[in-house]
Structures are given as C-alpha cells and as structure tokens.
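Every chain is numbered from 1 and lettered A, B, ... according to where its sequence line falls, protein lines coming before strand lines. Because only heavy atoms are used, hydrogens play no part in the values below, and waters and symmetry mates are left out as well, while side chains stay in.
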Amino acid sequence: MYEGVVQDLIDELGRLPGVGPKSAQRIAFHVLQADPADVKRLANVLLEVKEKVKFCITCGNVAEDIECRICRDPRRDLTVICVVEESKDVVAIERTREFRGRYHVLGGAISPIEGVGPDDLRIKELMVRLADGTITELIIATDPNLEGEATATYLARLIGPLGLTVSRLASGLPVGGDLEYADEVTLGRAFSGRRTVEN
Amino acid sequence: MLRAQKLGEADRIVTLLTRDHGRVRAVAKGVRKTSSRIGARLEPFSHVDVQFYEGRTLDGVSQVEILSSYGAALVGDYSRYTAGQAMLETAERLTAEEREPTVQQYLLLVGGLRALVTNEHDPGLILDSYLVRSLAVAGWAPSFDACARCGVTGPHSAFNVAAGGALCTEDRLPGSAAPAVETFTLLGALLAGDWHTADASQSRARREASGLIAAYLNWQLERGLRSLPFVERNGA
Ligand SMILES: [Zn+2]
Ligand SMILES: [Zn+2]
C-alpha cells in the first residue's frame, strides 16, 4: 500500500479493463515521473472525451455530434448497412476502404450465459432503420466467434422476412478472434467475398 | 469448454469441465489475436483435449486438440444455441467446487450437447432432461412420483419446489403448483431418460414441465441462471 493519493491513482487505474494491479502500479509511477505538461494533457483529454463524445443517434457509433461523421457524410451509400458489435470494429472496417455504406453498432453480442439478450443490444433501433425501405442490403460483420455467430443467426432470422439481401462476412477470418485484430487485407477480402445468408 | 472471459489485450480465461479434474479455470494467452493457433479451438461448447502448464495464480493452456466442436453446429440454430448456453451455465453452477472430480456431470454434459447437435429431440426437452438429471447428480433429485415428504407413491397432483417435488393430498403445502397428470408423466420421463414418452408429450405439458424445472433449479441455486430466460422454446 502507498500513501493516500498515490494509492488512489493505482486503485483507479486498476479498475480499467485489462489493467491488473501490477500494470496499475507501473502506470502510476510512470505518471509520477512524467513531465507535468504531459500529465495535464492526458487529464484534459480524459475530461474532454467524456464531455464531447456521444453516441450517434442513428448508428450508435461514437460521435462528436448528434450524428457521427459517417452518417452525416452525403457520399456514403444509403442503401447498405454494415452491422458491427463495437465502435472499434467500425474503425477496423474503415481502414480496409472496402465499404462505402453506413454502419449500425449493436453495443455487443448476444451472450445468454453473460445475461446479454437481444433486448440489451441496439436491435430495435436497427429494425427501425430498416423499416422505411431505403436499405436494400445488410452486411453482418459481428466477430467471427461463438457470440458473434449466434448474433448473426438471430439477426438473419429476424430480418429475413423483410426481403432485403442479408450477407455475412466471408470465412477466411480466423474463428475465435476479435474482428479488431484482423489485418486490413484479410478483413477487406472477407468483405468483398461476403456471402448471402439463406433464409 | 464452458466459458471464455476476456483478459487484458488478447488473452482469455477459460472455464472447462474435465473428465478427471472437475471444473478447471485456466489462462489462454494470445488467443484473441487472429494469428492464434489455439484460439479457434478454445470456444465454449468445444469438446477438447487440453494440456495445461502450471502458473502462479491460474494454470495456462499450452495445447488444444479438438474432439468435437459442438458450437459450430449450434450457432446456426438459435433455439438449440440458447438451450446449449443454459446447459453450459448449469454445468458451471452445479460444480460448485473447482477441481473436484465429477465424471458424471462431465458425461451428462457431453451427452446433452451431442443430443442437441444431432437434433434427435426437441431442444427444449433435451435441455429440461439435462437440467433434472444434472440436479440429480448434484444430489438434488426432485421427486416426480413419490411424495417428497412421506414417500407414498403417486401420481400426485401437487408440486412444491421448496419441499423437493411432488406432494400427496395429506402433505400438500399452500402455494404448491397443481400440474396436470401428463406433466408429471413427462417430468418422470425426462429424469429417467425415457425419450419415447418425452417425445410423445404435448406442448402444454412441455410448457408446464419446463416452468417447474426452472423454478426448482432456481430455488436450488438461490441465484437463478442468467441464460435460462433467454432460452427460446419452440413449442412455447
Ligand atoms: Zn452514425
Ligand atoms: Zn405425502
């Protein structure tokens, strides 16, 4: 245990995802020895991000406005939506430059064992977007793991009766991994080789 | 394999139900990276041959061979997938102690998952049969025929989760459920593994039976199963 505020910092850092007690201690001492200006910049960004960044009212992506930059962009194809689990998947797919449509961020994947069901994700919002008939193709790009596949199954069955083209990213993406870790070439190939889901 | 939880940047903590060592938790390093060779083999529902190495707090997974990957067969069918998830969670919850050998729970789970994949019976029935039988293995067998209090043989017309099952008219407690005769027959068949009778049951009895089994299970576990409310029942 350290004195007062140093321990407070270690405790706070330790609550971050993926940061264990050892790492928390290492980061805390890095902060203590760092240039005050650098620390101030970090602190300001942390505050600013909470103040400024919201979630896009349309697609659920992180946004600095009511809508994210992609939803506001008039050059994007309005007829295609790509469904992903998290905002970081949007970033991964944007890097491939294979996709010109818009996104829908679910906020996770269906995982009954973790207590996450369809109603806990932004699926109702997706159905609302699909209702007006503008969208003709839906690409399901959930993670290539069990929860991602189960979510894709659920969505495909739900959306099937609407009569639009539903496709799933081509296999070739390694099973079991997180989408964000796929390299651009593999992910791009999975995109162009997407297969239509039979329903 | 029962469960995978994200750890740090690219690792997972995996929970497995093993044949000889009961329920085991271990660290699988780097498996979320798409370059991982064992990542794809370590998914819930996978029936695997695993080698561990000794770690400081948790053991690590060094080698994985797939025996059967039931997950791939289950994810394409939402009702079978959700039934399977409830089975995995039950197996975890009913093996309270880590590393306490429980070969019967292991065999029951493997058999249950195999039945789900081969699609021989309604997934809801397979799940319910698995639930009552794994409760029985855990030492909490509900009584569907004899009165849970005095032991007189049925058929009875009352069922009480707190009392442990069926109750005769003498011992009937207030707040007991009053299931149909067909429901008692189905419950008995599910516990005995009498599929001929179970397959022939009607949807009303199935609905009533699964409700009673869920209530009984949740009462025994104190904290209910998370996955059970998400199970999609075909006949319901
Ligand atoms: Zn947006
Ligand atoms: Zn009695």
Side-chain angles (χ1 to χ4, degrees), chain A residues 16-24 85-86 88 92 108-121 140 142-158 160 168-169 171-187 189-190 197-199, chain B residues 1-12 14-15 28 30-46 57 64 66 69-93 223-232:
Chain A
L16 298 173
V19 179
K22 271 232 174 89
S23 308
E85 292 181 19
E86 311 279 359
K88 56 188 190 235
I110 297 175
S111 179
I113 207 161
E114 304 293 342
V116 181
D119 293 345
D120 300 305
L121 305 175
I140 304 176
T142 46
D143 284 355
N145 56 29
L146 195 74
E147 288 81 20
E149 291 295 339
T151 308
T153 299
Y154 181 87
L155 286 176
R157 197 188 55 177
L158 190 68
R168 178 91 176 101
L169 289 199
S171 49
L173 282 179
V175 182
D178 287 5
L179 197 61
E180 55 168 322
Y181 288 125
D183 66 87
E184 282 142 61
V185 177
T186 313
L187 192 53
R189 209 181 287 139
V197 179
E198 299 291 329
N199 235 298
Chain B
M1 170 153 160
L2 304 178
R3 190 195 283 266
Q5 285 152 302
K6 288 185 182 180
L7 175 72
E9 282 289 312
D11 307 340
R12 279 203 173 103
V14 297
T15 306
V31 287
R32 278 154 60 209
K33 294 261 173 69
T34 45
S35 57
S36 168
R37 278 181 305 121
I38 60 172
R41 302 175 202 167
L42 271 181
E43 286 248 279
F45 293 118
S46 287
T57 41
V64 183
I66 287 264
S69 58
Y70 297 124
L74 294 177
V75 284
D77 181 327
Y78 196 67
S79 7
R80 285 197 280 155
Y81 172 74
T82 51
Q85 286 260 300
M87 284 160 76
L88 297 187
E89 190 182 2
T90 304
E92 185 175 0
R93 296 285 302 279
R223 183 166 55 85
L225 284 192
R226 277 174 162 185
S227 54
L228 211 49
F230 297 115
V231 173
E232 194 175 67

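- With sequence neighbours excluded, no residue forms a side-chain hydrogen bond (donor to acceptor under 3.5 Å, both in side chains) with A:Ser111.
- A:Asn145 CG to B:Leu42 CG: the interatomic distance, rounded to the nearest 0.5 Å, is 12.5 Å.
- Between the side chain of B:Glu43 and the backbone N or O of A:Leu146, at least one donor-acceptor pair lies under 3.5 Å.
- Here the closest heavy-atom approach between residue A:Pro118 and residue B:Phe230 is recorded as CD-CD2, 4.4 Å.
- When the candidates B:Ser227, B:Gly71, B:Ala86 are compared by the number of heavy-atom contacts under 4.5 Å with chain A, B:Ser227 comes out ahead.
- With a 4.5 Å cut-off on non-hydrogen atoms, B:Asp77 touches chain A through its backbone but not through its side chain.
- B:Tyr78 touches chain A through backbone and side chain together, each having a heavy atom under 4.5 Å away.
- Exactly one of B:Leu2, B:Leu88, B:Thr82 qualifies for a side chain to side chain contact (heavy atoms under 4.5 Å, CB included) with A:Ile113. That residue is B:Leu88.
- Residues meeting the side-chain hydrogen bond (donor to acceptor under 3.5 Å, both in side chains) test with B:Arg3, sequence neighbours left out: A:Glu114, B:Glu92.
- Counting heavy-atom pairs under 4.5 Å between each of B:Val75, B:Val231, B:Leu74 and chain A puts B:Val75 at the top.
- Residue A:Leu16 does not touch chain B at all, counting heavy-atom pairs closer than 4.5 Å.
- For the options B:Ala4, B:Pro229, B:Ala72, B:Gly76, heavy-atom pairs under 4.5 Å to chain A are most numerous at B:Gly76.
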